[in-house]
Undergrad: 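The structure under discussion is supplied below as structure tokens; questions concerning it will follow.
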Amino acid sequence: AARVDHGDLFGEWRVARLAGPATVATAPDGARPLGTRLGPFVTDLVDTGTADGDAHDDIPLHLALTACTVLGTVDRAVELAVDHVSGRIQFGKPIAAFQSVQFALADASVAVAGLRELAHYTLWRPTTVDALALRVHAVDVARSVLRTTQQLHGAAGVCDEYDISVLVRLVQPALRLPWGAERTAEELASAIARDGFDGLFEHGGVAG
């Protein structure tokens, strides 16, 4: 069975998998979101049959668009952190004036810019391997950038009265579904071994 964010929005879903046929799934009658703090709108679906056609081509686009959701989140998180440190006064001056804060924001900004370039490239050519590589990188960037931006907010970074806390919580389904970081890396390694990986350097190889 599939687990999706806002699974109750549609009566029928088309579920694509890296391995195996596509299926049709629905939310059971009376199904309610799981309601967990890190996935308040996540819903379990139930397979109801095999879908018509091949949904394999849907997977790269889905992974790439999910990574774009992560990109938008981390981009906004950096903006919120810049606003906060510019207005927060400590020792008689904004904490943005401290070099360690500047370095942290510079690293976060560079990470977001790199993710944006990779996302644009992957959307231009959404192969399974490239989409999986994008997801691995997106999850890695999110971990680093969201941690940094929350820390720069201090204790306010974990209070839902501040947007940064809400952003971090609401992006969790995109970071955890369909897989977390470790499982995605395993899927990427398998895809590279099977299909190869085009890049500046040799990676993997095409199975003979």
Side-chain angles (χ1 to χ4, degrees), residues 5 36-42 60-126 129-188 197 199-201 203:
D5 205 16
T36 61
R37 180 171 174 77
L38 296 182
F41 304 111
V42 171
L61 183 59
H62 169 72
L63 293 174
L65 292 176
T66 301
C68 289
T69 298
V70 176
L71 169 62
T73 300
V74 294
D75 191 31
R76 180 58 181 155
V78 172
E79 291 177 352
L80 290 172
V82 170
D83 288 343
H84 180 77
V85 300
S86 298
R88 178 70 171 171
I89 306 299
Q90 289 290 335
F91 305 106
K93 57 184 177 181
I95 61 176
F98 294 101
Q99 198 172 55
S100 60
V101 173
Q102 296 171 1
F103 285 163
L105 284 173
D107 288 342
S109 297
V110 170
V112 173
L115 177 58
R116 181 179 294 107
E117 290 297 321
L118 185 59
H120 288 173
Y121 172 80
T122 306
L123 286 171
W124 171 68
R125 193 189 70 167
V129 173
D130 287 334
L132 286 168
L134 172 61
R135 176 167 176 77
V136 169
H137 187 57
V139 173
D140 185 54
V141 168
R143 282 178 169 176
S144 173
V145 171
L146 295 179
R147 180 174 61 246
T148 295
T149 51
Q150 277 194 298
Q151 288 175 340
L152 290 175
H153 276 76
V158 293
C159 297
D160 283 353
E161 290 83 355
Y162 287 78
D163 289 347
I164 185 65
S165 177
V166 177
L167 275 180
V168 171
R169 179 157 49 86
L170 292 184
V171 78
Q172 293 304 314
L175 300 176
R176 298 165 185 263
L177 299 173
W179 322 288
E182 291 75 15
R183 172 67 185 280
T184 305
E186 292 174 1
E187 295 291 348
L188 173 59
F197 185 48
L200 296 176
F201 308 100
H203 293 80

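Computed from heavy atoms alone, side chains included, the values below leave out hydrogens, waters and symmetry copies. Bear in mind the structure is a predicted one, so any value in this text is a computation, not a measurement.
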Undergrad: Taking the side chain as everything from C-beta on, heavy atoms only, tell me whether Val42 gets closer than 4.5 Å to Arg176.
TA: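 When only atoms from C-beta onward are counted, Arg176 and Val42 do not touch, as no gap falls below 4.5 Å.
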Undergrad: Specify the closest pair of heavy atoms between Ala108 and Val78, including all atoms of both residues, with the distance to one decimal.
TA: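 Ala108 and Val78 have their closest heavy atoms at CB-CG2, 4.0 Å.
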Undergrad: Provide the full list of ring-ring contact (aromatic ring centres under 6.0 Å, His included) pairs with a residue in residues 142-174, sequence neighbours left out, each pair given once.
TA: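 Matches after skipping sequence neighbours: His84-His153.
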Undergrad: Are Tyr121 and Arg125 packed together at the side-chain level, in the sense that at least one heavy-atom pair is separated by less than 4.5 angstrom?
TA: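 A side-chain contact under 4.5 Å exists here.
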Undergrad: May I ask you to test the Leu123-Leu65 pair for a side-chain heavy-atom distance under 4.5 Å?
TA: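 When only atoms from C-beta onward are counted, Leu65 and Leu123 do touch, with a gap below 4.5 Å.
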Undergrad: Can you see whether Asp130 engages Thr122 through a side-chain donor-acceptor pair at a distance of less than 3.5 angstrom?
TA: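 Result is no, nothing qualifies.
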Undergrad: Atom SG in Cys68, atom CG in Leu134: separation rounded to 0.5 Å?
TA: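 So the gap between those two atoms works out to 7.0 Å.
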Undergrad: Within the distance-only criterion (no hydrogens, no angle test), does the side chain of Ser144 pair as donor or acceptor with the backbone N or O of Asp140 below 3.5 angstrom?
TA: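 Checking the backbone N and O of Asp140 against the side chain of Ser144, no donor-acceptor pair under 3.5 Å is found.
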Undergrad: Closest approach of Ala155 and Cys159, non-hydrogen atoms and distance?
TA: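 Scanning both residues, the minimum pair turns out to be O-SG, 3.5 Å.
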Undergrad: Which pair of non-hydrogen atoms, one from Val112 and one from Leu71, has the smallest distance, and what is that distance?
TA: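 Minimum heavy-atom separation between Val112 and Leu71: O-CD1, 3.8 Å.
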Undergrad: Grab the two heavy atoms, one from Pro94 and one from Ser86, that are nearest each other, plus how far apart they are.
TA: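 Heavy-atom minimum between the residues: CB-O, 3.6 Å.
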Undergrad: Compare every heavy atom of Ala142 with every heavy atom of Val70, then report the nearest pair and how far apart it is.
TA: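 Looking at all heavy atoms of both residues, the shortest contact is CG1-CB, 3.7 Å.
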Undergrad: Are any of the side-chain heavy atoms of Ser109 and Val82 separated by less than 4.5 Å?
TA: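 When only atoms from C-beta onward are counted, Val82 and Ser109 do not touch, as no gap falls below 4.5 Å.
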Undergrad: Which atom pair, heavy atoms only, marks the closest approach of Ala156 to Ile164?
TA: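 In this case the closest contact between Ala156 and Ile164 is O-CG2, 4.5 Å.
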Undergrad: Roughly how far apart are Trp179 CH2 and Leu188 CG, rounded to 0.5 Å?
TA: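 Separation between the atoms: 10.0 Å.
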Undergrad: Does CZ in Arg143 sit with more than 12 non-hydrogen atoms of other residues, nucleotides or ligands closer than 6.0 Å?
TA: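 Open: at most 12 neighbouring heavy atoms sit under 6.0 Å from CZ of Arg143.
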Undergrad: So, taking the atom named CD in Glu182 and the one named CD in Glu186, what distance separates them when rounded to the nearest 0.5 Å?
TA: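 Here the rounded value is 8.0 Å.
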Undergrad: Pick one: which of Leu63, Thr66, Thr184 meets side-chain contact (heavy atoms from CB on, under 4.5 Å) with Pro178?
TA: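 Testing each of Leu63, Thr66, Thr184 against Pro178, the sole residue satisfying side-chain contact (heavy atoms from CB on, under 4.5 Å) is Leu63.
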Undergrad: Is any side-chain heavy atom of Thr149 closer than 4.5 Å to a side-chain heavy atom of Leu80?
TA: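 Side chain of Thr149 against side chain of Leu80, heavy atoms only: no contact under 4.5 Å found.
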Undergrad: Measure the spacing between OG1 of Thr69 and CG of Leu170 and express it to the nearest 0.5 Å.
TA: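 Here the interatomic distance stands at 12.0 Å.
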Undergrad: Verify, without hydrogens or angle tests, whether Arg135 (side chain) and Leu175 (backbone) share a donor-acceptor contact under 3.5 angstrom.
TA: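 Checking the backbone N and O of Leu175 against the side chain of Arg135, a donor-acceptor pair under 3.5 Å is found.
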Undergrad: If you measure from CG on Asp5 to CD on Gln172, what distance do you get to the nearest 0.5 Å?
TA: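 Separation between the atoms: 11.0 Å.
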Undergrad: Report yes if the side chains of Val74 and Leu115 come closer than 4.5 Å at any heavy-atom pair, otherwise no.
TA: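 Val74 vs Leu115: side chains touch.
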